[in-house]
Amino acid sequence: MGNAITPETRALWLFLRNLGDWLTAAQIAHHWRPTFTVGEVDNHMRALLHGRFVAQRPAEGDALWAYAVTADCLPLPGHERAAPTTTTNLTEGANHAD
């Protein structure tokens with residue numbers, strides 16, 4: 001896959017942007033099952049990280065990383081609107097700023 005922004009990558013980015021919270025690759029894969037495995041989500045997140053379209057931080061528990069679309073992230077082309085503010089705790093609810 002490399003660092004290409006595919007339609008699937010775009011769908012995952014939109015999901016994270018609209019959610020407005022931090023999720024691990026396993027949490028994203030669980031929501032999208034059976035469409036994506038954890039490994040596939042990791043690949044998509046790497047592509048998004050490479051383009052600075054998502055933020056990454058250490059996760060709680062067994063996962064290494066959590067991902068979110070924050071105000072510091074670049075928007076994907078065609079989606080140039082403000083990103084919702086994300087929460088700082090993985091267990092807090094989503095902040096929908098649409």
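These values consider heavy atoms only, across backbone and side chains, with no hydrogens, waters or symmetry-generated copies. If you read the sequence from its start, that first residue is 1, and numbering goes on from there.
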Next on the checklist: Set out, in order, the CA-CA distance, both residues' side-chain angles and the distance that settles side-chain contact (heavy atoms from CB on, under 4.5 Å) for Trp65 and Arg57, then state yes or no.
Outcome noted: CA-CA 6 Å; Trp65 302 106; Arg57 72 173 189 193; 5.5 Å; no

Next on the checklist: List the residues meeting side chain to side chain contact (heavy atoms under 4.5 Å, CB included) with Ala26, not counting sequence neighbours, and say none if there are none.
Outcome noted: Thr24, Val38

Checklist outcome for this item: For Leu74, the side chain to side chain contact (heavy atoms under 4.5 Å, CB included) test, sequence neighbours excluded, returns Arg52, Phe53

Next on the checklist: Please give me the minimum heavy-atom distance between Ala68 and Asp21, naming the atom from each residue.
Outcome noted: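 So the two residues come closest at CB-O, 3.5 Å.
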
Checklist entry - What are the two closest heavy atoms between Ala66 and Ala59, and how far apart are they? => result N-CB, 3.8 Å

Item to check | Verdict with reasoning, Trp13 to His79, per ring pair (Phe, Tyr, Trp, His ring centres under 6.0 Å) | outcome: CA-CA 10 Å; Trp13 182 84; His79 298 280; 5.5 Å; yes

If you round to the nearest 0.5 Å, how far is [atom2] of [Y] from [atom1] of [X]?
{"X": "Leu48", "Y": "Leu12", "atom1": "CG", "atom2": "CG", "answer": "7.5 Å"}
{"X": "Leu49", "Y": "Gln56", "atom1": "CG", "atom2": "CD", "answer": "4.5 Å"}
{"X": "Thr6", "Y": "His44", "atom1": "OG1", "atom2": "NE2", "answer": "5.0 Å"}
{"X": "Arg46", "Y": "Thr9", "atom1": "CZ", "atom2": "OG1", "answer": "11.5 Å"}

Item to check | For Arg33, side chain to side chain donor-acceptor pair (under 3.5 Å) partners two or more places apart | outcome: His30

Checklist entry - Do the side chains of Met45 and Ile28 get nearer than 4.5 Å, heavy atoms only? => result yes

Checklist entry - Yes or no on side-chain contact (heavy atoms from CB on, under 4.5 Å) for Arg17 and Leu14, after CA distance, side-chain angles and deciding distance? => result CA-CA 5 Å; Arg17 186 203 62 185; Leu14 286 167; 3.6 Å; yes

Item to check | For Phe36, the option from Asn43, Val41, Asp42 that meets side-chain contact (heavy atoms from CB on, under 4.5 Å) | outcome: Val41

